[in-house]
Amino acid sequence: MIKIALLGSTGSIGRQVLSVVERYPEKFKIISMAAGSNAALFSQQVNKHKPKIACLTNPENLSSITEIPLGTEFYYGENALLHAVTGECDIVFDAVMGYAGLKAVKQAIELKKNVALANKETLVAGGGLIMPMAKKAGVSIIPVDSEHSAIWQALNFDTNREYKKLLITASGGALRNIPVENLSSVTASDALMHPNWNMGKKITVDCATMVNKGFEVIEAMWLFNAKRSDIEVVIHPESIVHSLVEFSDGAIMAQMGIPSMELPIQLALTYPERLYIENHELNLFGRTLNFKEVDKERYPAFFTVDKAIELGKNFPCAVSAADERVVDLFLNGKIKYTEIPLYLEKVLEKTEKLSLSFENLEYTDKMARVIVDEIYLSRSKA
Ligand code: NDP
Ligand code: MG
């Protein structure tokens, strides 16, 4: 029985983790769970899974928590998330959105717990601190993101295996067929209509801008000890090839399958064993698969993230924090879609280069959001 601490249970990934647990109740048990604001759904989940510990960080809708099962300790408030990272679990599944996931991973490593990592912002902001810490503690950081899971599968679950190149696929997002000159008038609901995947709002907008792919490059650099030049991003609109690894003899290994997160989620918990998943067969007949380069004009924000990679240190953290805030402004109709890369560029310009430490990341994360708000205020006055 694998005892799971699930962070972000009410989100898109979190709900699919619970589906996997419900499919194999004899293999998995949720020992603790945490969520942000969705108290009503959280309450249902807690009553179904009866974890030992339940944590809600935003107590606004606390009245929706109707009942807490006998034997469940309940925590709420800003730091409640960390209570869910408990010594009693076998693995911490981090499916929180945003920078909030980083502290939980740090604590998991301190407790010597393996981490199934969906929360890519942890590695984007803090990979330079988290990976050496995990290595020293003998803790595995297990990829959940579909592209990284695909690479990991192609490497036979051996992140130390030699390879020549990593090829990360990208769907191109919801706006891939909109003429570039019309992008300035797209709305949040346009950007949220992803053609292949059903995900949380922030990552869906990040797919449209391809900021998500920039973040996945950083994630791959940390997970597979790659340089930026070892990684190529390929637009593959069908989302059937989830990523590929090229070896020195020219062989390319790809992992293919229907676009579904349940496979990488389940595999992160059971590898090297593969368990049955219903309705996951891929029918290859009649399919055409396309691959093309990333278009600079359509996806300027992807190249801004590349700039942050080049700048290194705390710059990826700054661009990640800025993106959380900027996407929020876009989703709330406050800024145009085409302003997103302009904000990210400005934040990079205004960020002070700092050495890597958890304190400096905390400061960078806060400052990047402040800078975004300042730019927003000055642009709305102009
Ligand atoms: P969602 O927005 O759907 O869910 C985010 C989850 O995190 C929710 O449960 C939310 O709670 C919770 N949460 C947010 N902030 C906090 C906090 N401070 N403390 C505790 N819980 C918090 O996001 P996704 O599930 O789409 O994505 C989660 C992570 O996985 C992201 O990092 C994303 O990039 C990554 N990922 C997602 C994929 C997908 O298919 N969705 C694919 C690959 C990676 P509540 O809703 O209750 O407020
Ligand atoms: Mg992905």
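Each ligand, and each atom within it, is numbered from 1 in the order the structure gives.
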K.L.:
Tell me which N, O or S atom from Glu147 is the closest to the Mg ion (ligand 2).
P.N.:
OE1

K.L.:
Examine Val211 and Ile335 and state if one hydrophobic cluster contains both, with Ile, Leu, Val, Met, Phe, Trp and Tyr joined whenever side-chain heavy atoms are less than 4.5 Å apart.
P.N.:
yes

K.L.:
Among pairs that include at least one residue of residues 305-343, which meet ring-ring contact (aromatic ring centres under 6.0 Å, His included), considering only residues two or more places apart or in two chains?
P.N.:
Phe330-Tyr337

K.L.:
Run the salt bridge (Lys or Arg N to Asp or Glu O under 4.0 Å) check on Glu73 and Lys52 step by step: do they pass?
P.N.:
CA-CA 6 Å; Glu73 290 167 42; Lys52 283 200 165 176; over 6 Å; no

K.L.:
Considering only heavy atoms, does Ala95 approach ligand 1 within less than 4.0 Å through its side chain, its backbone, both, or neither?
P.N.:
backbone

K.L.:
So, Glu121 and Lys202, do they make that salt bridge, N to O below 4.0 Å?
P.N.:
yes

K.L.:
Does any N/O atom on Glu121 come nearer than 3.5 Å to any N/O atom on ligand 1?
P.N.:
yes

K.L.:
Counting only heavy atoms closer than 4.0 Å, does ligand 1 sit against the backbone of Asn38, its side chain, both, or neither?
P.N.:
both

K.L.:
Nearest non-hydrogen contact with atom 31 (C) of ligand 1 belongs to which option: Asn61, Ile203, Val96, Asp94?
P.N.:
Val96

K.L.:
Side chain to side chain contact (heavy atoms under 4.5 Å, CB included) with Leu244: which of Leu166, Thr169, Ile168, Ile151?
P.N.:
Thr169

K.L.:
Please classify the Thr10 to ligand 1 contact at 4.0 Å (heavy-atom distances, strictly less than): side chain, backbone, both or neither.
P.N.:
both

K.L.:
Heavy atom under 4.0 Å from ligand 1: found in Met261's side chain, backbone, both, or neither?
P.N.:
side chain

K.L.:
Please work out, at 4.0 Å between heavy atoms, whether the side chain, the backbone, both, or neither of Lys202 comes within that distance of ligand 1.
P.N.:
neither

